Amino acid sequence: MKTIFLFELKNWLRNKAVWLVLITWVLLVSFAGWQRNAIVCMLASDMDSSRVYELQKEKAYHGLLDSVERGLKQVKEYANDPRNPVYFNTKVPRFAIYEPGVLDVLATGQSDIFPQLYVISSRADYRQQKEEAVNGLPLMYGKPDMVFIITFLFPLIIIAFNYGLLSSEKESGTLKLILVQHTNLKQVLFAKLFVSFLFSLLLLLVPAIILYILKAGAPATIRSVGLLLLITSLYSLFWHLLCAVAGSRLKSSAWNATVLTGCWILLTVLLPAVINLVTGSVRPVPSRTEFITEYRRATNAIEQDSNSAVLDKFFFDHPELAKEDSTGNERNRANQFYKASHIKHDQTHETLQPIYDRYESSLQAANRFSGNVGLLSPALTTHQSLLLLAGQSSKQYLHFNKAIVEWRKPYLDFILTNLLQDKDVNRQETLKWSSFSYQPYDYSSEMATHISVMLLFIAALLLITLKMLQRAVIIN
Amino acid sequence: MLLTLFKKELTELWREDRVKWLILIIIPLLATSVVTSFRYSRQLKREHAAAMLADKQVWDNQPEKNPHAAAHFGLYLFKPVHPLSIFEPGVDRYIGSINFIEAHQRNSEQYSSIGDGSDVARLGFLSPSFVLQYLLPLLIIIAGFNGISREKENGNLAVLFSQGCTSNGLFWGKWLAVYALVQLIIIPVFLCVFVVLLLVKAESYNYMAAFLILCTYLLYYAIITNIVLFISSKAAQSGTAFLYCILFWITTSMLLPRLAGSIAGQASPLLTKEQIIEKVKAYNARLGGNIHDRGGPAYKHLVDSLLKKYQVDSVQQLPVNMAGIRLDAGEQSDTWNYERIREQQLQRLKKQDRIITTAGFISPLIPSQQISMAAANTDIFSHQHFTDAGEQYRRQYVNMMNRYIAYESGLQEGFTSFKMSRELWQRVPPFQYNQPGLVALRHYQLAILLLLGWLLVSSGLLFRSSQTLKLI
């Protein structure tokens with residue numbers, strides 16, 4: 001077996017196609033890494049600017065609050081008083097910033113769909129923040145990132161080099177010659193596979209090294225790169241064993257190539273499309289139009305019920321116009337608007353809460369379902385694992401959104417309680433709400449499931465290969 | 001002879017297990033995709049119509065309020081569903097189809113259906129166009145990859161030529177057999193398209209559009225057939241021919257569009273929300289500040305011009321409401337700002353599109369998709385058409401509200417206590433939108449030329465290959 005292995009290794013090293021694939025692979029992976037890295041750098045810079053802006057605003061606010069509290073500065077209008085809870089809420093923005101995974105450069109994932117920065121305030125609801133203008137065509141095509149290259153293109157390289165594992169020897173008449181030299185089909189097959197597997201590991205080291213070198217986003221750790229290598233190696237092993245199963249039937253190379261490519265199309269192209277279709281039918285997500293209709297009805301109904309002279313959003317957009325009214329002092333007038341507006345907003349939110357909950361639980365259920373069904377395809381399992389490593393899966397974004405809701409609720413209660421009680425806010429209280437933070441999504445259990453499923457597939461394929469090789473020997 | 005060869009090839013293809021299997025996979029997938037797309041489209045159409053009506057009712061039944069507050073309350077617009085989007089959903093799932101219009105702001109469409117999907121949803125939807133654009137070329141590859149190479153491998157060429165068969169006849173026979181196989185699938189699909197158009201009582205231009213899409217697909221499949229047989233004639237072995245065909249399919253259908261889209265996005269990024277805000281601020285600064293700022297030079301200039309126009313000495317003497325005039329002038333200034341930003345955004349979008357179309361020199365799928373999407377009005381420029389129509393409507397209703405305060409309120413100054421009732425809200429007409437139809441194709445002249453170019457070049461290559469075919 002050692003002789004066959006060394007012979008194969010020499011053959012591989014002499015093969016020009018191997019070097020061509022290696023160079024193309026390095027170029028392709030580097031291009032994907034470079035392109036994604038540029039986007040990650042830009043996003044990281046935007047996020048840093050937002051953090052700096054947030055800090056500056058907070059510092060300026062606390063400076064003003066200190067001066068006003070110590071009587072060093074007088075504020076004429078209540079709308080501009082830093083002790084006013086609404087001023088604190090609107091003038092000191094709270095940014096919820098998404099924390100991507102350590103291997104952010106690996107995948108675009110859902111980052112071009114889900115916003116990574118939200119403004120948290122009593123008026124801005126993260127679920128209704130306005131979207132960026134996008135060109136749908138690049139979104140439709142998807143990005144040529146490392147995940148795409150590894151999940152979709154990498155198996156084709158394995159197939160291209162291994163579709164004729166035994167059949168090419170059989171077709172050229174060398175198989176019989178090899179078999180008479182104190183060896184058997186199993187040894188020939190596994191020696192060939194082993195060389196190809198080593199080559200695939202070399203290919204897989206390229207993205208791992210690039211990711212480790214690139215310093216954009218969070219720096220990659222040994223653990224994350226190790227996980228990446230483990231998952232991708234298992235993926236490579238799966239495709240190698242699939243080639244072994246096809247090869248062990250000792251049919252023609254054309255037959256092997258057709259069957260293996262068929263498997264590739266089934267696992268990477270057809271199955272995702274079918275899973276989407278089934279998910280849409282079995283776990284449908286409630287319609288957005290229904291949500292909008294309910295939202296509009298709720299806001300209108302609340303406006304109809306109100307008999308106060310408050311003009312809700314209008315005075316938030318034009319607070320200076322409040323002075324034109326003639327009743328009460330300026331603080332009372334302003335507070336009247338603010339209170340009514342916040343109460344209305346709260347009421348609308350309460351009315352819509354069941355719809356929000358239903359929508360979000362449906363979305364999570366759809367994600368869970370498609371994730372579970374996706375375990376049927378090692379390509380989808382690998383895709384999902386790599387997205388989790390990159391921190392770019394839907395689950396991680398939904399977790400972030402949930403964290404915003406959880407952080408926002410007590411913050412809004414604080415604003416509303418102070419507002420309704422005509423209480424000023426002070427430095428100590430405002431410091432409690434200095435910045436949003438959350439615990440990133442823990443994917444360890446999912447990763448363990450993915451690895452276990454991959455191992456199961458590998459074990460099954462290994463058994464089938466051995467079984468078929470036994471039969472092949474008998475036939476020969 | 002040609003007919004005999006054609007019959008022989010078709011019979012052989014029909015006997016191939018792999019072809020039968022693929023047809024057996026494609027037909028149910030296509031049928032399922034047509035049914036689910038039809039259901040989805042019908043449901044979306046119903047939902048949009050109901051939501052549009054409900055939103056207009058909510059608008060009409062607003063309580064008494066200031067007209068400008070009503071302008072802020074805004075309206076939701078829903079993009080109509082094109083009948084051909086059942087077959088060619090295009091970019092519709094990737095862009096929001098709901099637009100919230102309000103005073104001062106020009107918003108982007110919200111809630112794309114892809115945003116409500118899972119990670120797997122990003123890997124492709126099973127729509128009829130997905131089957132026709134990605135899976136049918138695979139059928140051509142499976143049916144034709146060994147068309148010529150097998151004859152060479154088996155040493156049949158000499159036998160065939162000795163029996164009077166010419167090299168041209170052999171290529172034509174194989175070409176027609178593979179192409180006829182595709183017709184077995186595509187023709188029923190388009191019969192189905194015409195039935196759906198009849199069922200939904202589509203406008204007459206939609207039939208023309210459907211016919212155009214059919215022609216595009218026929219051209220695309222002819223190109224793929226040419227290339228597959230060309231590769232087959234050049235490859236020494238069938239296995240190699242198959243791998244080259246698959247490599248061509250992956251490069252042109254999966255890799256190149258992604259690369260093109262990604263390069264386009266990086267070369268000409270669209271303006272972000274933050275950049276738009278900064279631009280609006282810069283434009284306002286150039287115009288002498290925001291007109292809403294009553295202490296600013298823009299506002300002072302407006303007051304001066306009004307005093308001069310009405311030949312009075314103070315705002316109180318004006319026969320119009322100053323606050324309303326200010327809001328109206330502010331809206332005009334916002335409109336002017338957003339119009340300039342829209343132009344820049346459109347230029348960036350066009351540049352992105354040019355880059356993607358250029359990739360059509362290497363991938364015949366890209367121009368085919370672009371023509372098909374434009375005919376079904378599911379391309380990016382048709383979407384822009386809807387956005388622009390929404391913007392026109394926004395200006396119309398916001399101007400109506402502001403000008404009512406300015407000219408019909410009867411108040412000389414101040415306006416917060418001024419309220420109007422339903423009569424005014426009901427004066428706003430419902431949003432009417434006509435899709436661009438075949439006009440959308442004007443953006444894709446290069447794509448049409450590219451597709452024809454692909455046909456010419458691939459036919460030329462195949463013809464040359466048939467002329468130089470060696471017996472051994």
Side-chain angles (χ1 to χ4, degrees), chain A residues 35 38 109-110 113 130-144 148 152 156 160 163-164 253-254 257-258 261 265 269 272-277 279 285 287-290 292-293 296-297 300 303-304 311 313-314 317 321 324-325 363 366-367 370-371 374 380 384 387 393-394, chain B residues 18 32 36 47-48 51 54-55 58 61-63 65-66 68-69 72 76 78 91 94-96 98 107-108 110-111 114-116 118-126 130 134 138 146 238-239 242-243 246 250 254-255 257-259 261-262 264-266 270 272-273 345 349 352 356 380 414 416:
Chain A
Q35 226 188 15
Q110 301 288 59
I113 295 282
K130 283 147 197 170
E131 290 181 13
E132 300 276 4
V134 287
N135 181 354
L137 204 53
L139 277 181
M140 187 179 94
Y141 289 144
K143 292 278 191 293
F148 166 75
F152 289 83
L156 287 166
Y163 75 97
S253 296
T258 317
T261 317
I265 291 163
V269 183
V274 173
I275 289 174
N276 280 332
L277 194 78
T279 309
V285 177
S287 144
R288 287 289 195 167
T289 45
E290 180 200 359
I292 288 167
T293 308
R296 297 286 277 178
R297 279 193 185 132
N300 200 36
E303 280 202 10
Q304 300 267 9
L311 292 173
K313 189 180 175 185
F314 175 70
D317 291 320
L321 294 172
E324 292 181 14
D325 276 44
L363 199 56
N367 259 297
S370 65
L380 291 182
Q384 191 60 39
L387 284 188
S393 77
S394 295
Chain B
R18 57 172 193 269
T32 315
T36 48
E47 276 177 7
H48 278 190
D55 198 61
V58 167
N61 291 313
Q62 288 176 88
K65 60 167 79 161
N66 184 284
H68 191 67
H72 272 288
Y76 275 93
F78 298 84
V91 299
Y94 298 84
I95 316 178
I98 303 166
N107 300 321
S108 296
Q110 297 170 289
Y111 307 128
I114 196 82
D116 296 338
S118 62
D119 299 325
V120 186
R122 298 302 300 277
L123 302 177
F125 282 100
L126 187 67
F130 173 83
Y134 292 91
L138 276 176
N146 60 354
S238 296
F242 181 72
L243 283 177
I246 289 292
I250 287 160
M254 304 198 82
L255 190 59
R258 280 171 189 257
L259 283 173
S262 190
Q266 231 164 0
L270 296 182
T272 62
K273 278 188 289 191
Q345 199 77 298
L349 205 62
Q352 286 192 1
I356 294 172
I380 193 72
T416 52

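The chains referred to below are lettered A, B, ... by the order of the sequence lines, with proteins before strands, and numbering in each begins at 1. On a predicted model such as this, the values are computed, not experimentally measured, just so you know.
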- Residues at least two apart in sequence or cross-chain that pass salt bridge (Lys or Arg N to Asp or Glu O under 4.0 Å) with Asp55(B), listed by chain then number, are Arg296(A)
- Please assess Val120(B) against Thr279(A) for the test side chain to side chain contact (heavy atoms under 4.5 Å, CB included), listing each intermediate value before the final yes or no. CA-CA 10 Å; Val120(B) 186; Thr279(A) 309; over 6 Å; no
Contact origin within [X] toward chain A - heavy atom pairs under 4.5 Å:
X	value
Leu270(B)	side chain
Ala121(B)	both
Thr36(B)	side chain

- If one checks every heavy atom of Leu139(A) against chain B at 4.5 Å, the contacting part turns out to be both
With a 4.5 Å cut-off on heavy-atom pairs, point out which of [options] contacts chain B the most.
options	result
Ser253(A), Gly164(A), Gly109(A), Gly142(A)	Gly142(A)
Leu387(A), Thr289(A), Val134(A)	Thr289(A)
Gln384(A), Arg297(A), Lys143(A)	Lys143(A)
Thr261(A), Ile292(A), Leu363(A)	Ile292(A)
Thr293(A), Leu277(A), Val285(A)	Leu277(A)
Pro138(A), Ala257(A), Pro144(A)	Pro144(A)

Taking all atoms of both residues into account, what is the closest heavy-atom pair of [X] and [Y], and its distance?
X	Y	result
Leu123(B)	Phe152(A)	CD2-CZ, 3.7 Å
Ala273(A)	Phe130(B)	CB-CE2, 3.9 Å
Ser262(B)	Gln35(A)	OG-OE1, 2.5 Å
Asp119(B)	Ser393(A)	OD2-CB, 3.4 Å

- Item | Max heavy-atom pair count under 4.5 Å with chain A, selected residue of Leu349(B), Leu138(B), Ile380(B) | Ile380(B)
- Task: Heavy-atom pairs under 4.5 Å with chain A are the metric here; pick the option from His48(B), Glu47(B), Arg122(B), Met254(B) that has the most.
- Result: Arg122(B)
- Task: Check ring-ring contact (aromatic ring centres under 6.0 Å, His included) between Tyr163(A) and all other residues, then give those that pass, not counting sequence neighbours.
- Result: none
- Message: Check the orientation of Tyr94(B) and Phe125(B). Use parallel for under 30°, tilted for 30 to 60°, and perpendicular for over 60°.
- Response: perpendicular
